[in-house]
Participant: 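Pasting a structure here, questions to come.
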Amino acid sequence: MNEIERIRTARAGLARLFEPNDATGNALVRAAGPVDAYRLITGHTGQAPAALQQAVAELLDGSPRQELRLDRGLERWRPRAADARPERDLATMARLGGGLLVPEDEAWPRQLDDLGPAAPLGLWWRGRELPRRIAEASRLMAVVGSRDATDYGRQVTAQLSAQVVSAGVTVVSGGAFGIDARAHAAALSAPAGTASPPTIAVMAGGLDRFYPAGNEELLRAVAGDGVLLAEVAPGANPNRWRFLQRNRIIAALCGATIVVEARWRSGALTTARRAAEIGREVGAVPGSVFSSNSAGCHRLLREGAAVAVTDAAEALELLGQAGGALSAPARAAEDARDAQARRPHDGLDIQDLLLLDALPVRSGASPDKLTAVAGLGIGAVLGGLSRLEARGLARRTEGGWQRVRPAEG
């Protein structure tokens, strides 16, 4: 067994012993390395060497709380050591078409280092191929929201997710009901030849089973055409703590997080806040002021923790991509919507707007009269009339200048 495989095996074992984001366990790995850390827990009894205890204490800010002390950690981990079979877990994932990605791998997503001591020890994966794409935060977008999504939320999620995938961006979510499920499904149904993988589901439990069971067919499809990720070992149950900790990985992986719907308190808000804390872009989709499902989105917007996102082009801007990255059909749809919403006078400067308002609709007016009504000089009026005529907003008649009715334009 070469060095990288020894490290992979040790990290696989530690994934069975530690809970996600175990501060003491992470400090032990940083102080001793994964191989020696695993050996200390599984191959020895009694206290750790004093020097190692001191090193862990220093990594935990020098004066750790009682529950963070290394000896307390050993008490937590050693009862699990009898069940730790890292070779078995690695074989299980290999049989399922996956494996364990570790920080020592070239393909490890370095953006997870932004989590600092809270970075995961490794990422179990299951999918069509080794997920090298996850190392590119600028090509990953999290789309998250309520489990009890409304029709509005599902519709927005489907349109946004499909269009960003058509622009070559992978959609990341948590595999849950509601917004998560809709995001994955829309990404998978996007036109062929776009993002690869189209979607990634970051799970709270082991990847040897699909949870929730009601999403099994969808998650199988994600495993077939996309990637499933988890920091917990095969067989681990998706308990509440693991769900909460899973959100930090979604936030750190992606260059931007979009919250489509979220109640006043929700896991989606936790993901958004974590993303903001580590310098990621956050967007929120506005909803009805009467909908409790959008209360969390409005809260983010009011607090300045997110920017408003109303379409895929705005979502792509958060990743530093121009809206032109949208596919031709998606861009055509965006342009059609913009054209429908655009008013004839949009883009006029203040002087031309004043002149447009001064133009009569039924009779005509001379330039001299318009100078008095609009409060502009004759040069500004003559230049403005020329510009308004070019845009189809004004016309010259025998009686003078008139404003063109919208229906006529």
Side-chain angles (χ1 to χ4, degrees), residues 151-152 155-164 166-169 190-191 258 260 281 283-291 294 297-298 301-302 304 306-409:
D151 288 340
Y152 165 78
Q155 181 177 351
V156 171
T157 300
Q159 178 174 315
L160 189 151
S161 298
Q163 290 185 358
V164 300
S166 75
V169 172
I258 309 298
V260 179
E281 298 293 337
V285 175
S288 168
V289 297
F290 301 109
S291 173
S294 291
C297 293
H298 298 158
L301 293 170
R302 187 180 66 180
V307 299
V309 168
T310 62
D311 56 33
E314 292 176 353
L316 289 170
E317 287 176 4
L318 295 181
L319 286 177
Q321 299 185 35
L326 291 172
S327 66
R331 171 49 59 196
E334 293 292 331
D335 290 344
R337 192 190 71 173
D338 289 346
Q340 186 177 18
R342 192 178 300 126
R343 296 171 297 182
H345 58 267
D346 284 350
L348 295 179
D349 63 22
I350 294 176
Q351 288 190 343
D352 287 356
L353 282 172
L354 291 172
L355 180 58
L356 182 64
D357 288 339
L359 283 168
V361 174
R362 294 182 176 83
S363 60
S366 68
D368 289 335
K369 183 176 181 180
L370 290 172
T371 61
V373 176
L376 301 172
I378 187 64
V381 168
L382 292 175
L385 288 172
S386 177
R387 288 188 293 272
L388 294 178
E389 183 179 31
R391 293 186 60 161
L393 297 174
R395 65 186 172 193
R396 191 199 308 261
T397 67
E398 292 183 359
W401 286 90
Q402 284 183 342
R403 180 172 182 172
V404 175
R405 296 172 182 269
E408 296 176 58

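Keep in mind that what you see is a predicted model, and the values were worked out from it rather than measured.
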Participant: According to the side-chain hydrogen bond (donor to acceptor under 3.5 Å, both in side chains) rule, which pairs have a member within residues 360-388, sequence neighbours left out?
Facilitator: D352-R387
Participant: Mind listing the closest non-hydrogen atom pair of C297 and A284 along with its distance?
Facilitator: O-CB, 3.9 Å
Participant: Please determine which of L359, L382, L376 meets the side chain to side chain contact (heavy atoms under 4.5 Å, CB included) test together with L370.
Facilitator: L359
Participant: Closest approach of V373 and A358, non-hydrogen atoms and distance?
Facilitator: CG1-CB, 3.5 Å
Participant: Considering non-hydrogen atoms only, spot the tightest contact between L385 and P367 and give its length.
Facilitator: CD1-CG, 4.3 Å
Participant: Yes or no on side-chain contact (heavy atoms from CB on, under 4.5 Å) for L160 and V309, after CA distance, side-chain angles and deciding distance?
Facilitator: CA-CA 10 Å; L160 189 151; V309 168; 4.0 Å; yes
Participant: Could you give the distance from CG (D311) to CD (Q163), rounded to the nearest 0.5 Å?
Facilitator: 7.5 Å
Participant: Check Q351 against A380 and note the closest heavy-atom contact, atom names and distance.
Facilitator: OE1-CB, 3.8 Å
Participant: Any chance you could lay out the side-chain contact (heavy atoms from CB on, under 4.5 Å) test for L356 and R403, step after step, and finish with the verdict?
Facilitator: CA-CA 7 Å; L356 182 64; R403 180 172 182 172; 3.8 Å; yes
Participant: Is the number of heavy atoms from other residues, nucleotides or ligands under 6.0 Å of Q155 CD greater than 12?
Facilitator: no
Participant: Drop me the distance from Y152's OH to S294's OG, to the nearest 0.5 angstrom.
Facilitator: 6.0 Å
Participant: Identify the heavy atoms of V169 and L319 that sit nearest to each other, and give their distance.
Facilitator: CG1-CD1, 3.7 Å
Participant: Can you see which heavy atom on A306 is nearest to which on L301, and at what distance?
Facilitator: O-CD2, 3.6 Å
